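Treat the numbers as computed from the prediction; the structure is a model and nothing was measured. Every chain is numbered from 1, with letters handed out A, B, ... down the list of sequences.
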There are 2 protein chains.
Amino acid sequence: MKTKTNAKSAVSLPLNTILDGDCIERMNALPAESIDLIFADPPYNLQLKGDLHRPDNSKVDAVDDHWDQFDSFKVYDKFTREWLAAARRLLKPNGAIWVIGSYHNVFRMGAELQNQGFWILNDVVWRKSNPMPNFRGKRFTNAHETMIWAGKTETSKYTFNYEALKALNEGIQMRSDWVIPICNGGERLKDDNGDKAHPTQKPEALLHRVMVGSTNVGDVVLDPFFGTGTTGAVAKMLGREFIGIEREEAYRKVAEKRIANVRKFDKEALEVSVSKRSEPRVPFGQLVERGMLRPGEELYSLNGRHKAKVRADGTLIGDDIKGSIHQVGAHLEGAPSCNGWTYWSIKRDGKQVPIELFRQQIRAEMRN
Amino acid sequence: MKTKTNAKSAVSLPLNTILDGDCIERMNALPAESIDLIFADPPYNLQLKGDLHRPDNSKVDAVDDHWDQFDSFKVYDKFTREWLAAARRLLKPNGAIWVIGSYHNVFRMGAELQNQGFWILNDVVWRKSNPMPNFRGKRFTNAHETMIWAGKTETSKYTFNYEALKALNEGIQMRSDWVIPICNGGERLKDDNGDKAHPTQKPEALLHRVMVGSTNVGDVVLDPFFGTGTTGAVAKMLGREFIGIEREEAYRKVAEKRIANVRKFDKEALEVSVSKRSEPRVPFGQLVERGMLRPGEELYSLNGRHKAKVRADGTLIGDDIKGSIHQVGAHLEGAPSCNGWTYWSIKRDGKQVPIELFRQQIRAEMRN
DNA sequence: TACGTGCGTGAATCAGACA
DNA sequence: CTGTCTGATTCACGCACGT
């Protein structure tokens, strides 16, 4: 078993294992601020007539419908409050959580997330391409489920691999509605009788997008309602570490076997497109220091309307303004801000050369 | 003014009028159990901090109206509790309600609906075909809003025109996700300055589907946050009766004028919102997410001369180039462009399988 | 008249490093 | 912690205008 030691508590994490027992107790026994991402698909089996089974297994008294309904919400809210609080304690300050649910429980989860100080980043709709039809014709086909993505706090610097998701979507930024088929066919796990091993197995495609988008390689992902281990399987494929918690032995067994058969993708395949933001910063002054630009040379604006002179300290001087490439550009355009790197060019051999090219040259040298 | 007398209270309803003032007080002054359907688009309680600019430096005209400002969740919850209770009193025993919101407020509304004994029938996702992008690349494009449809009680015999909706959807059962454009163009109401008359005007297509689906001709529809009167306009077109409540005089004036110009049974309005038939775009990344291709697998070019490896984000990596299936294909062929779908194949059981086949498979699923 | 181009804009909880 | 400064970031439409 691979473990990670948490700096704060010096307690090791049971990485890539499935813990048994009650998820709240199990979470409370793990070190605080040790988890990068939590993915949670909690049970929402209330309001189902006939077999009313509460999350805490308490007995439901035979009483009138209204009281019963109110009581079951109360019990469900308590359960939600407790597992979310336990989850929140585990998250690193910059950690985030995904929860998934349907209209039976997702409003209660969303409200409680907000109450506890999580900061909702998006609600994401999983739009099922092959939902179960509504057989009675009394309602709309229930063709989606809702996920909520939230940072631990309002100021958490959550992970969002914008460029990778954009690449997944053929160059267009990823939207909050995802079209993904429900889990069936070969991916759907069966028990020894050939019946489905779990009633609500989530598709790996869903978890793939969640993890590519909101974790990095090596991150620790916790799933407190592990079921048959979709979270663990995808985490392993993608080079993330997982911790699962699952109460039912039958599910744990299926999940263990499933994950053992998963192969991790090649290192090269796991590299994803990265944002320009993660490139090292290059001060404009370096272009002057390195002699790429000479003090006194003139820069021309993108639209050709403005020019400014380079000074020895890497600032510019225009007709009525001195300052950085960004400040001068913003002032000349009357804009709130300006990216000087893409705004200014210089004339070389009669041609306009964007200064951005010089920056890229310096960055290429830095990588060597 | 057309009025209807309520059997129970013998008080007449102010049909097809817009009431001013506070919606809670106004609702409390109307007779109990007199309304068939309520459609409510309350303030979302957006919590916007600073200004937001587009990449071209233009400023986003944010919803910063006073009516959307609340001091805390506690204050917002009290507001929600009170207007929902007032609304519930007005509904006939078999009445129903629709509410619409975003992740800022919809979880709190949904939980309160359940707490008050409303019975949720569906949550319906309005998938915007043309949402505002996420300009900073920090989150998913917020491309949908959520509506909740609920009966007054668990046993309410709510109206659901199954066949009409099926007909609207080309003979296929209507799903819980509706693709409808945001309201702009000629439908978007302007004030005397040519600015939008209301920051959050809803499209008539949305209300059209709501009313066709969950009311009958002659039903009374109440909208306590009437705004510029989309609910009233569509109700009139479809031969339903409406009651609007709106606090802002400017909105009431626009709504009055708008509704006066509406003709009943406008044929054009009945035809909106039927889905367009064009082949949907399939991002190559979906083949990876869905496990049809495995990150690290190799693709082979049409002519067999080149190969490239698939990465987890749906981009390819070749000998000296990374990018989309199209970009890498074009680079390897020295061509200005390349259709990666027809260019690349994969080896399966010793045979070359064009990736185009996988795309066709996904499209077939999407047509369901 | 038909078509192509450019511009405006939409319910948005939209930055991060460094001093 | 606060203030300052760098510099990254957009998709689908409708409409006006020009050829």
Side-chain angles (χ1 to χ4, degrees), chain A residues 94 114 118-123 149-151 154-158 160 162-163 166 169 171-176 274-285 314-315 323-327 329-330 335-344 355-356 359, chain B residues 41-65 67-70 73 100-106 126 128-146 179 181-188 190 194-196 198-203 225 227 281:
Chain A
N94 293 328
Q114 292 177 312
F118 286 97
W119 194 247
I120 297 181
L121 300 165
N122 279 111
D123 59 333
W149 176 40
E154 183 177 350
T155 53
S156 295
K157 297 192 196 317
Y158 56 91
F160 184 57
Y162 177 75
E163 292 294 340
K166 196 169 165 177
N169 197 30
I172 294 163
Q173 72 177 202
M174 189 71 80
R175 298 167 41 116
S176 59
V274 295
S275 158
K276 245 194 258 178
R277 260 188 277 258
S278 52
E279 295 275 325
R281 177 175 295 190
V282 177
F284 176 71
T315 57
S324 70
I325 53 172
H326 315 292
Q327 289 167 335
S337 71
C338 170
N339 183 345
W341 289 107
T342 54
Y343 182 73
W344 295 107
I355 61 172
E356 172 67 20
R359 180 166 71 161
Chain B
D41 180 15
Y44 287 9
N45 188 25
L46 299 188
Q47 294 151 58
L48 304 176
K49 300 293 194 295
D51 289 342
L52 178 64
H53 292 90
R54 300 186 180 80
D56 66 2
N57 272 323
S58 64
K59 192 178 162 200
V60 174
D61 183 17
V63 178
D64 53 4
D65 304 75
W67 48 254
D68 197 48
Q69 312 293 325
F70 293 82
F73 280 133
I100 181 167
S102 66
Y103 65 84
H104 309 83
N105 69 326
V106 77
W126 169 26
K128 303 179 185 184
S129 57
N130 50 350
M132 182 157 66
N134 185 295
F135 296 117
R136 304 300 291 267
K138 300 304 293 181
R139 303 186 179 188
F140 299 97
T141 306
N142 210 340
H144 75 277
E145 293 187 28
T146 302
V179 180
I182 60 172
C183 180
N184 58 12
E187 189 185 322
R188 188 79 194 227
K190 302 283 161 48
D195 299 323
K196 56 191 176 197
H198 191 284
T200 69
Q201 187 184 339
K202 296 294 176 288
F225 307 98
R281 192 177 49 87

Would one find a side-chain N or O of Y158(A) under 4.0 angstrom from OP1 or OP2 of dA15(C)? no
Across the strands shown, which category fits D41(B) at heavy-atom distances under 4.0 angstrom: base, sugar-phosphate, nothing? base
Please pick, from dA11(C), dA12(C), dT9(D), the nucleotide with the shortest atom-to-atom distance to any side-chain atom of V60(B). dA12(C)
With sugar-phosphate meaning primed atoms plus P, OP1 and OP2, does E163(A) contact a base, only sugar-phosphate, or nothing at under 4.0 Å between heavy atoms? sugar-phosphate
Out of dA11(C), dT9(D), dG7(D), which nucleotide sits closest to the side chain of Y44(B)? dA11(C)
Assign I120(A) to base, sugar-phosphate, or nothing according to its heavy-atom contacts below 4.0 angstrom with the strands shown. base
Describe the nucleic acid contact of P203(B) in one word from base, sugar-phosphate, nothing, applying a heavy-atom distance below 4.0 Å. nothing
Looking for any heavy atom pair under 4.0 Å, which part of the strands does Q327(A) touch: base, sugar-phosphate only, or nothing? sugar-phosphate
Is T342(A) near enough to dA8(D) that one of its side-chain N or O atoms lies under 4.0 angstrom from OP1 or OP2? no
Scan R188(B) against the nucleic acid and name what it touches under 4.0 Å (heavy atoms): base, sugar-phosphate only, or nothing. sugar-phosphate
Nearest to the side chain of K128(B), heavy atoms from C-beta on, is which of dA11(C), dA15(C), dT9(C)? dA11(C)
Among dA8(D), dA12(D), dG10(C), which nucleotide has an atom closest to any side-chain atom of P133(B)? dG10(C)
Is E145(B) salt-bridged to K128(B), going by a charged N under 4.0 Å from an acidic O? yes
All N/O pairs under 3.5 Å across the protein-nucleotides 17-19 of chain C interface:
none

Taken in chain and number order and not counting sequence neighbours, the residues that satisfy salt bridge (charged side-chain N to carboxylate O under 4.0 Å, His left out) with E356(A) are R359(A)
Distance below 4.0 Å between K166(A) side-chain N/O and dT10(D) OP1 or OP2: yes
Mind checking if C183(B) touches a base, just sugar-phosphate, or nothing, with heavy atoms under 4.0 Å? nothing
With a 4.0 Å cut-off on heavy atoms, is D61(B) in touch with a base, just the backbone sugar-phosphate, or nothing at all? sugar-phosphate
Taking any heavy-atom pair under 4.0 Å as a contact, classify S102(B): base, sugar-phosphate, or nothing. nothing
Does L52(B) reach a base, just sugar-phosphate, or nothing at all? Heavy atoms under 4.0 Å. base
Regarding the side chain of R359(A), the nearest nucleotide among dA11(C), dA8(D), dG16(C) is dA8(D)
Hey, can you tell me if W149(A) and F160(A) have their rings parallel, tilted or perpendicular (30° and 60° cut-offs)? tilted
Candidates dG14(D), dT10(D), dA11(C) - which lies nearest the side chain of N184(B): dG14(D)
Using a cut-off of 4.0 Å on non-hydrogen atoms, how would the nucleic acid contact of V282(A) be classed: base, sugar-phosphate, or nothing? sugar-phosphate
Out of dA15(C), dA11(C), dA12(D), which nucleotide sits closest to the side chain of N130(B)? dA12(D)
Dot-bracket, DNA chain D: Watson-Crick or G-U, under 3.5 angstrom, [ ] crossing, | other strand? .|||||....|||||||||
Could you pull out the closest heavy-atom pair between G151(A) and L121(A), with the gap in Å? N-CD1, 3.5 Å
Given dG10(C), dC11(D), dA11(C), identify the nucleotide with an atom nearest to the side chain of Q173(A). dC11(D)
Just compare dT6(D), dA11(C), dA8(D) and give me whichever is closest to any side-chain atom of S324(A). dT6(D)
What is the distance, to the nearest angstrom, from the CG atom on N134(B) to the P atom on dA15(C)? 9 Å
Just to be sure I understand the rule, does P131(B) reach a base, reach only the sugar-phosphate, or reach nothing, if contact means heavy atoms closer than 4.0 Å? base
Could you check how far CG of D56(B) sits from C1' of dA8(D), rounded to whole Å? 14 Å
Which part of the nucleic acid does K196(B) contact within heavy-atom distance under 4.0 Å: base, sugar-phosphate only, or nothing? sugar-phosphate
How would you label the contact of K59(B) with the nucleic acid (heavy atoms, under 4.0 Å): base, sugar-phosphate, or nothing? nothing
